[in-house]
Amino acid sequence: MDIFEGLNPAQVAAVEHTTGPLLIMAGAGSGKTKVLTCKIANLLAQGVAPYNILAITFTNKAATEMRERVDRMIGPKAKDVWLSTFHAFCARFLRREIEALEGYKHNFVIYDSSDSQTVIKTCLRELNLDEKQYTPNSIQAAISNAKNTLQGPRAFEQSADNFFKEKVSDVYKLYQKKLRANNALDFDDLLMITVVLLEEHQDICAKYQARFKYIMVDEYQDTNGAQYQLTKLLAAQHHNLCVVGDADQSIYGWRGADIRNIMDFEKDYPEVQTIKLEQNYRSTKTILAAANAVIENNIDRKPKELWTENAGGEKITSYLANDERDEAQFIATTVMKQKTIFNSSFGDIAILYRTNAQSRVLEEGFMRAGIPYTMVGGLKFYDRKEIKDIHAYLRVIFNPADTVSLMRIINVPKRGLGDATIAKMNEFAAMNDMTLFDVVSNPAQVPGLTARVKKPLEIFAEFVFKMMAYQDNLSVHDLIDRVMNESGYIAELESEKKPENETRLENLKELLSVAKDFEKGDEIPNLENFLSQVALVSDIDNANLEEDRVTFMTLHSAKGLEFPIVFIAGMEEGLFPHSRTLMNESELEEERRACYVGITRAERKLYLTNARGRMIYGHTVSYPQSRFLSEIPEEYMERLVVRQNAYGFANSSVVQQRGYGSAFRPSVQMQQASGHGTITTPVMQQTGTAIRPDTNVNWHVGDKAKHGKWGTGTVVSVRGSGEEVELKIAFPGQGIKGLMQKYAPISKE
DNA sequence: ATACCTGCTTTTTTT
DNA sequence: AAGCAGGTAT
């Protein structure tokens, strides 16, 4: 077969290029996946051995897809190409090599962010730091940031130039020590430790450098410092590094992705050849023109204009809803129309939104309309309590040093081991340099343990040992089955009469079938690989988008996908762009790129919706339409608006066309009834700042403050400034309350 | 040891 | 609105 068939000249050039660094600037829908697969096929066809090729993708799903496509072109050789995400690559690498580093063992477990947050909380407690002042979230972000820029605990300590960072540094050190004691790595460690290992062990590094003669990295604009360094190290010998990306689609800056990695690629590799793919094969002229018009508003950007030979297509439809439920209903009825009148398949349709919280109302609308859908993300399968519990059992069986997991299950199902008992054992473990599991399996010397606790401990330890012995002889599926049943977990769910237990049991069945599927896969189906996979797959990897269902997901999850019909919901200032980005120009530009990504997912038809008012944190707020919506020229738009009846309520079955130039200005103020009279929700500024309580008010000690619930009180202290003003207010008969000005429903009396 | 209640905080996006 | 930590009652 001809590898070059159906490629345009730029694509051919990209595929033909094999030696030396290559930068492919690939616009949305320009066929970059095709180019990458053809490149791999071409290399294999030229006789390059599959294990000499390393290809990094952004999701596991993309990796699998690419492998299948190469397979179809060139045959089973494709199986031996190293093709995975950065994180999966590092996990695989470290399973083989990590013991070169002091203190780690090959059977490490991978902690997700909630596991790592648990560890951070114990660190904070041990260091006597106030969780209110040093929130686990902010500490976690700071540590993650450090790791993404390859700052280990020592380097971080050196650079800590303020009080907060010094505290973070203390936590970071302890956190890292604990991970090591648990024989665990977090997501960021996978990358950082890999780089450290390669840098410290020349022999190992040389081995892999020699091996990977050809390296390709997709979505290069979303690589962070650690990933950048890793790529650079691996490519240092052969220099055959091909990176593909689109700076306009960089949307992971908040995760440490550094857009400079792609912008400065030419500086890093002066001999680089650059190829631009600017012809779009995906979208209509209208959709592309809208996308171009939006992205042009970014200042920090190299100019680029995608073009297409596709038809002009339909106008983009916008809809101004009354509230989020009306928005959901509009989307549902429009989807129904697409299905019945235009004969679209549900599978052709995607609903995109900025925040996961938006999905709920949309789901309700679809349920009411009886439209089948699948949701990507949100409460992830592996984040559900019952799945995490069983998963914790498996981790303890695999790596008994994993105390975080052990703590999770030691009394689940209930076996009469309470806080007091566990605290005593933990203390004993710490004093004697043992792991908690060491103590659990040998509790005799622990002082102060009551007799009635010994029996359940013995039974529990025996159970874990038994399962450990099984792990080499049983399939993962059978092991899980035994864990669920013999631990008493299932029995507890069945005996309790809680309504949610039914779905929990369903989910556990689902876990069993996940294990069955895993055993059919390419990898050796042992517990080690199962645990790695569970830790590193994302929802998008598992989503079955082939079925005849509408897909719900965030804009971020949608990257790399395409759909004939796309809805983007919540086109409002404060939601998209999100309020937390409005103060910061570069974050705002990242929002705009997310919008660009969203628009360019659409092939045929795009709908953009916003609402006059919507519930956020239990309050109704009113946001003006998103600036991104305003940035699309009128000529590409068809605007609809819900008709309001005399009382200002929507009659949502009726939609009227909105005339040009008469774009509805949402009311800037909303009134809300309450037992204490009328509260005015904050006023939207003309500049488009997010709604929030008025932080312009200056509070002083002695001021009288009126609170929605507590009535009138006197300010007794004012701390902090700007966004962070914290007030203490004495309310007669109700004591002194601490309030954050930005959240509290207070006004000056 | 555990179930229940109350009051408070709030993640935007994810490997 | 809703999840969660912390406290209290069983």
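Chain letters run A, B, ... following the sequence lines, proteins first and then strands; every chain starts at 1. In what follows, every heavy atom counts, from backbone to side chain, and hydrogens, waters and symmetry copies are set aside.
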> How far, in whole Å, is dT13(B) from dC4(C) if one measures between their C1' atoms?
Replying inline: 23 Å

Which part of the nucleic acid, if any, lies within contact of [X], taking any heavy atom under 4.0 Å across all strands shown: a base, the sugar-phosphate backbone alone, or nothing?
| X | result |
| --- | --- |
| N411(A) | sugar-phosphate |
| K121(A) | sugar-phosphate |
| F86(A) | nothing |

Presence of [X] side-chain N/O under 4.0 Å of [N] phosphate oxygens OP1/OP2:
| X | N | result |
| --- | --- | --- |
| R360(A) | dA2(C) | yes |
| Y617(A) | dT12(B) | yes |
| N356(A) | dT13(B) | yes |
| N137(A) | dT9(B) | no |
| R580(A) | dT12(B) | yes |
| S113(A) | dT15(B) | no |
| K414(A) | dA3(B) | yes |
| S557(A) | dT14(B) | yes |

How long is the line joining [atom1] of [X] and [atom2] of [N], in whole Å?
| X | N | atom1 | atom2 | result |
| --- | --- | --- | --- | --- |
| R384(A) | dG3(C) | CZ | C1' | 16 Å |
| D222(A) | dT13(B) | CG | P | 16 Å |
| Q140(A) | dT12(B) | CD | C1' | 15 Å |
| E587(A) | dT12(B) | CD | C1' | 10 Å |
| E131(A) | dT10(B) | CD | C1' | 15 Å |
| E591(A) | dT12(B) | CD | P | 11 Å |
| K559(A) | dT15(B) | NZ | C1' | 12 Å |
| M583(A) | dT12(B) | CE | P | 14 Å |

> Hey, is NZ on K454(A) packed in by over 12 heavy atoms from elsewhere, all under 6.0 Å?
Replying inline: yes

> Going by 5.5 Å between centroids and 30° between planes, is there a stack of H578(A) over dT12(B)?
Replying inline: yes

> Ring-on-base stacking between W254(A) and dT13(B), under 5.5 Å between centres and under 30° between planes: is it there?
Replying inline: yes

> Angle class for the Y134(A)/F164(A) ring planes (parallel below 30°, perpendicular above 60°, tilted otherwise)?
Replying inline: parallel

> In terms of the angle between their ring planes, are F93(A) and F89(A) parallel, tilted or perpendicular, with boundaries placed at 30° and 60°?
Replying inline: parallel

>> Among dT12(B), dT11(B), dT15(B), which nucleotide has an atom closest to any side-chain atom of R354(A)?
In response: dT12(B)

> Of all the choices, dA1(C), dA1(B), dT12(B), which nucleotide is nearest to the side chain of R452(A) once you look at every atom?
Replying inline: dA1(B)

> 5'-most contact on DNA chain B: D419(A) or T581(A), nearest heavy atom basis?
Replying inline: D419(A)

> Which sits closer to the 5' end of DNA chain B, T355(A) or A535(A), going by the nucleotide each is nearest to?
Replying inline: T355(A)

In residues 415-423 of chain A, what donor-acceptor pairs under 3.5 Å come from side-chain atoms, sequence neighbours left out?
{"unit_1": "R415(A)", "atom_1": "NH1", "unit_2": "I409(A)", "atom_2": "O", "d": "2.9"}
{"unit_1": "R415(A)", "atom_1": "NH1", "unit_2": "I410(A)", "atom_2": "O", "d": "2.9"}
{"unit_1": "R415(A)", "atom_1": "NH2", "unit_2": "Y393(A)", "atom_2": "OH", "d": "2.9"}

> Partners of D248(A) by salt bridge (charged side-chain N to carboxylate O under 4.0 Å, His left out), sequence neighbours excluded?
Replying inline: R301(A), K304(A)

>> Can you confirm if the aromatic rings of F576(A) and Y623(A) lie within a centre distance of less than 6.0 Å?
In response: no

